[in-house]
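Only one structure is covered here, and it is reproduced in the block below.
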Amino acid sequence: MIALLLALQAASAPEEPVLEPSTLHCLAAYWIVRGDANQNATVDVAVRTAGGEWRKAAPLWRVERGASHLKLPDDAWLFAGSVVDLQPDTPYELKLTLADPDGGGVEKVLPTRTIAEPVAPKDLVEVHVRPGKDALRLAQRDAGPGTLFLIHAGVYEGTFDVHKGGEPGKPVIFRAAGDGEAVIEGQGKSNAISAANLHDVWFEGLTVRNGLKGLTASNSSRIVVRRCRFHAVTYGYVSTVNAKGDVEGCFISDNVFEGPCTWPRTKGIEDARAIQITGTGHVVCYNRISGFADAIDTMPSVRCSAIDFHNNEISEMTDDGIEMDYSDRNTRCYRNRFTNVFQGISEQPIHGGPTYVYRNVLYNVCREPFKLHNSPSGVLLYHNTIVKKGVPFFLSTTDPVHRVVTRNNLFIGSADTYVIQNEAPMVDCDFDVDGFAGGPSKLFMKWNNARYATVEDVRAKAPAYRRLVWIDAAGVTIPEDEKRAAAVGFDPRLKLGIDAGEILPGFNDGFAGKAPDLGAIEAGAEVPHYGPRPLK
């Protein structure tokens, strides 16, 4: 009997770990581990450039049993996680080490590589397109993979249906010719551009307007949308259908999305979104998005994992800045700047995770910086800076929140009833080592149904934030009225919380001083570039 119990407690990994699709700056993996009935096994992670020195990364995350969409044996656990802040187009190795005090350890080294930004081949066949009846449709008749359509200045009316896709290494590219504005005019139809059931199709430098949806790409992979402008649309880029679970590798960068919504919110939750995406291995970066309900949303499908949203400039969102809702694991939202958003970053629900929200800046949020509704499971919130009127940490749901960890965030608010107001029951969560500033408040914290009058009460008695950091916010401009649009461009380099954070391998390597700084940017570091990059 004792031998049987020991066997059940020992972890084993009869299956190989699985690499998920890489992105520019992140690698990800998951591993199914059997046994470990007492849940004391760990999977440590190290990373190196091929042949280089190993450095410690964050360990894989133990996914809550029953939360993931992956089918697992009854006695199995899923471990998953990402390695972040890597260099693009670089070969790496990941070392995963399964260790268990009860026995069953094993080590695996996985060679992999981050991706590069898409670069057009040099041997494309050029086809020139000029305005005229059915010009875009007719131009596609004799073209195939490896074709570059140069779209000359003018207005192209009606839905632009893309009929033929490309091949890996031989995309079909629709690019503005550079002799003036090339406009896809949807004429109020459902889609201005339709690229469904295709792969390896690129759109560059086009203006897309006057369609319910600017560009739809259902069941499509390796779609590139770059340096386009979308306006007078209710939805910008829509890729929400993933029938076979094989939608992957889309790249949406350096675009401008201008929506129909106005600030402040006056119509409730509006049905307008700039980017909706599902699948795996996508990158959405360096876009300027304004005037929608939501800027960027992950959507439910048979697979929603390993997707990156980063370096986007987002403002005037009448619902959520970014929704990572319905993510399975390894979706990442980092180094974005949000200004004038009703809610900040949504995680409702998350199917086990982990999802990563780190080094974002949120300025003038009306309600919740992090929307943890509908019982999410598996969310990591690291090194974000939040400045808002009223309660800086606010969570209004009464649904249980599962397995959420916060570290090194900086919450700054103004006078209100609480500094921290949370109505949700917490299940296996770890909220700690965040910084708070602002006030004054009548009481310091409400955590579920318990109230704590002072910082000292929280540190001595509360189930969370025993190591919170209280900071003087003098010199920080806090919005006086959240309904008044703040200017975009808040500089997050606050001189607050210096050397007050916790070391998080892989997330704050190379910090200066005795410990990492709280908030989105380490003291002395440059502000990231948000929004479209200058043309080289």
Under the 3.5 angstrom rule, does the side chain of [X] hit a backbone N or O of [Y] as a donor-acceptor pair?
X      : Y      : answer
Ser301 : Thr278 : no
Thr331 : Ala306 : no
His383 : Asp517 : yes
Ser239 : Ala217 : yes
Asn336 : Asn311 : yes
Asp297 : Gln276 : no
Ser441 : Leu443 : yes

(message) Is there a ring pair (Phe, Tyr, Trp, His ring centres under 6.0 Å) between Phe393 and Phe411? Walk through the geometry before answering.
(response) CA-CA 6 Å; Phe393 181 111; Phe411 296 88; 5.3 Å; yes
(request) Determine which pairs satisfy ring pair (Phe, Tyr, Trp, His ring centres under 6.0 Å) with at least one residue from residues 344-364, sequence neighbours left out, and list them in order. (result)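 For residues 344-364, and leaving out neighbouring residues, the ring pair (Phe, Tyr, Trp, His ring centres under 6.0 Å) pairs sorted by first residue read His69-His351, Tyr334-Tyr358, Tyr356-Phe507, Tyr358-Phe507, Tyr363-Phe490.
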(request) Quick one: list whatever passes salt bridge (charged side-chain N to carboxylate O under 4.0 Å, His left out) with Arg407, sequence neighbours left out. (result)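 Only Asp430, Glu502 meet the salt bridge (charged side-chain N to carboxylate O under 4.0 Å, His left out) criterion with Arg407.
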Under a 4.0 Å N-O cut-off, is there an ion pair linking [X] with [Y]?
X      : Y      : answer
Arg265 : Asp319 : yes
Arg329 : Glu20  : yes
Glu16  : Lys108 : yes
Arg467 : Asp434 : no
Arg337 : Glu313 : yes
Asp36  : Arg34  : no
Glu248 : Arg303 : no
Arg466 : Asp432 : no

(message) To check you understand the geometry: which heavy-atom pair defines the closest contact between Cys285 and Asn312, and what is its length?
(response)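 Where Cys285 meets Asn312 most closely, the heavy atoms are C-OD1, 3.4 Å.
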(message) Under a plain distance cut-off of 3.5 Å, with no hydrogens placed, do Thr339 and Ser315 share a side-chain donor-acceptor pair?
(response)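 The answer is no; no qualifying pair exists.
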(message) Is it the case that the ring center of Phe394 lies less than 6.0 angstrom away from the ring center of Tyr418?
(response)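 No, the ring of Tyr418 stays outside the 6.0 Å limit from the ring of Phe394, centre to centre.
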Could you tell me whether [X] sits above the aromatic face of [Y], with NZ or CZ closer than 6.0 angstrom to the six-membered ring centre and within 45 degrees of the axis?
X      : Y      : result
Arg359 : Tyr382 : no
Arg65  : Trp77  : yes
Lys483 : Trp263 : no
Arg459 : Trp470 : no

(request) May I have the step-by-step check of side chain to side chain donor-acceptor pair (under 3.5 Å) for Asn448 and Asn422, ending in yes or no? (result) CA-CA 6 Å; Asn448 201 358; Asn422 163 47; over 6 Å; no
Using distance only, find each side-chain donor-acceptor pair of residues 41-49 under 3.5 Å and give its atom names and separation, not counting sequence neighbours.
residue	atom	partner	partner atom	Å
Arg48	NE	Glu93	OE1	2.6
Arg48	NH1	Gly52	O	3.3
Arg48	NH2	Glu93	OE1	2.9

